[in-house]
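Read the structure below first, then the notes.
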2 protein chains.
Amino acid sequence: MRKVFLFMDTICNKVDGKGRVSLPSDYRSIVKDLSSEIVCYRSLSLPCIEGCLEETLDKLAADIENSTDFFSEAQDNLTNLVFGDAKRFPFDSTGRIMLSEKLLKHAQITNEAVFVGKGRKFQIWNPENWAKEEARIRADALKNRPSLRSKENE
Amino acid sequence: MRKVFLFMDTICNKVDGKGRVSLPSDYRSIVKDLSSEIVCYRSLSLPCIEGCLEETLDKLAADIENSTDFFSEAQDNLTNLVFGDAKRFPFDSTGRIMLSEKLLKHAQITNEAVFVGKGRKFQIWNPENWAKEEARIRADALKNRPSLRSKENE
DNA sequence: TAAAATCCCATGTTATACCATATGTATTGT
DNA sequence: ACAATACATATGGTATAACATGGGATTTTA
């Protein structure tokens, strides 16, 4: 039994005419032990799709049940929004899923989909949008963390 | 009970046409008990590859797996980028990994790769770049800590 | 019954597992 | 102390398996 599981790497796969995409095999192997489906939903703040294990959402649900912190209430509401949007996507024996029109539209995905690992979850982007987003994050990081360079070799 | 493990020493190995390199055996023995793979990603600030155990990154992921942070934008973007950049590199029975084109290019590695231990993680450098970097680090150390000078000639 | 979703097979490409050889280091025996 | 041997590691080459992807057949649904 393996308790370390992380969605990593950035992989670009094709979306065919039927809306089918291969889920990267690394991602599949994370899920395989447990089931043969992942959960996807529209990102709350970005033009991309987010995906994770059902197990992960279950953990969040448990969190909310036990939550007594009023400050986290706003975030809990967001989490509940996700439950309303999320849907299971089973993948077939060749490892492909069929994303819904709603999700594809939200992320402006047509021919190609970029899978971006985010640890316990991952995102699916339109290639051009992801390129911009990545550039934005890197620029931000350098601006806000000038100390980065000196920290590197401590 | 915590396991003791440190990546140490500096070792130069050859990179063949396919991008294959032997992971130094010392490094392998550290990982072996747990699994047979390491995680590598581009250094955020230096022209080198960084490597560590998946466990190390898993700690980052576990920290933000709660109902307050999971869908929050406040998530450290930089930390998040690492997951998208990182990838598992399993090594075979002969102890080799196959570095990706992206990583090799970032570190300007062609024929040879220098593995540099950094404790919980390690770096992989182009030999010439590492020589310069090491000189720079040593010069810095002497400048900032004059007391080291006297030890130099012992 | 038409349209859509699911399943299954075929293919080119690429990564992976495996075997073989070389190189270097430690060990043993005389 | 030296040579001979055994051992571990690094490296080169190749066969095999896995993957992404296209196309078609079968089942489901509206």
| Candidates D:dG22, D:dT9, D:dA20 - which lies nearest the side chain of A:Lys14 | D:dG22
| note | Sorted by chain and number, sequence neighbours left out, side-chain hydrogen bond (donor to acceptor under 3.5 Å, both in side chains) with A:Ser25 holds for none
| request: Before accepting this row, confirm whether a basic side-chain N of the pair B:Glu50/B:Arg42 lies closer than 4.0 Å to the acidic partner's carboxylate O. | output: no
| task | Would you mind classifying the nucleic acid contact of B:Leu23 as base, sugar-phosphate or nothing, using non-hydrogen atoms under 4.0 angstrom? | result | sugar-phosphate
| remark: Taken to the nearest whole Å, CD/B:Glu37 to P/C:dT16 is 10 Å
| query | Once you round it to whole Å, what is the distance between P of D:dC19 and CG of A:Asp9? | reply | 14 Å
| query | Contact class for A:Ser22 (heavy atom, under 4.0 Å): base, sugar-phosphate, or nothing? | reply | base
Please list, for nucleotides 23-27 of chain C, all pairs of protein and nucleotide N/O atoms separated by less than 3.5 Å.
none

| task | Starting at atom CG of B:Asn13, determine the distance to atom P of D:dA8, rounded to an integer number of angstrom. | result | 18 Å
| Atom CG of B:Asp69 and atom CD of B:Glu65: how far apart are they, to the nearest 0.5 Å? | 11.0 Å
| message | Has B:Ser22 got a side-chain atom pairing as donor or acceptor with B:Pro24's backbone, closer than 3.5 angstrom? | response | no
| Can you check whether A:Ile109 reaches A:Val15 side chain to side chain, under 4.5 Å on heavy atoms? | yes
| said: So B:Tyr27 and B:Ile38, do their side chains get closer than 4.5 Å, heavy atoms only? | reply: no
| task | For B:Asp16 and D:dG12, give me the distance from atom CG to atom C1', rounded to whole Å. | result | 8 Å
| Can a salt bridge be assigned to the pair A:Lys59 and A:Asp63 using a cut-off of 4.0 Å between side-chain N and carboxylate O? | no
| With ring centroids as reference points, do A:Phe7 and B:Phe83 lie under 6.0 angstrom apart? | no
| Stretch residues 89-113 of chain B: residues that reach within less than 4.0 Å of DNA chain C through a heavy atom | B:Asp92, B:Thr94, B:Arg96, B:Met98
| task | Please examine the side chains of A:Val116 and A:Glu133, heavy atoms only from C-beta on, and report whether any two atoms are closer than 4.5 Å. | result | no
| message | Is the ring pair B:Phe71/A:Tyr41 parallel, tilted or perpendicular, if the boundaries are 30 and 60 degrees? | response | perpendicular
| query | Within less than 4.0 Å of OP1 or OP2 of D:dA20, is there a side-chain N or O belonging to A:Arg28? | reply | yes
| query | Through what angle, rounded to 10 degrees, does the axis of the helix from C:dT1-D:dA30 to C:dT30-D:dA1 turn between its ends, using five pairs per end? | reply | 40°
| field | Within one Ile-Leu-Val-Met-Phe-Trp-Tyr cluster: B:Val31 and B:Met98, side-chain cutoff 4.5 Å | value | no
| remark: Out of D:dG22, D:dT11, D:dT9, minimum distance to the side chain of B:Ser25 belongs to D:dT9
| Got a sec, which residues hit side-chain contact (heavy atoms from CB on, under 4.5 Å) with A:Ser100, two or more places apart in sequence or on another chain? | A:Phe89, A:Lys102, A:Leu103
| task | Would you mind checking if A:Glu134 and A:Arg138 are paired as a salt bridge, meaning a charged N to carboxylate O distance below 4.0 Å? | result | yes
| message | What I'd like to find out is whether the side chain of B:Pro47 reaches to under 4.5 Å of the side chain of B:Asn126, using heavy atoms alone. | response | no
| query | Tell me, for nucleotides 24-30 of chain D in 5' to 3' order, what letter each nucleotide earns: B for a base near a protein heavy atom under 4.0 Å, S for only sugar-phosphate near one, - for neither? | reply | B------
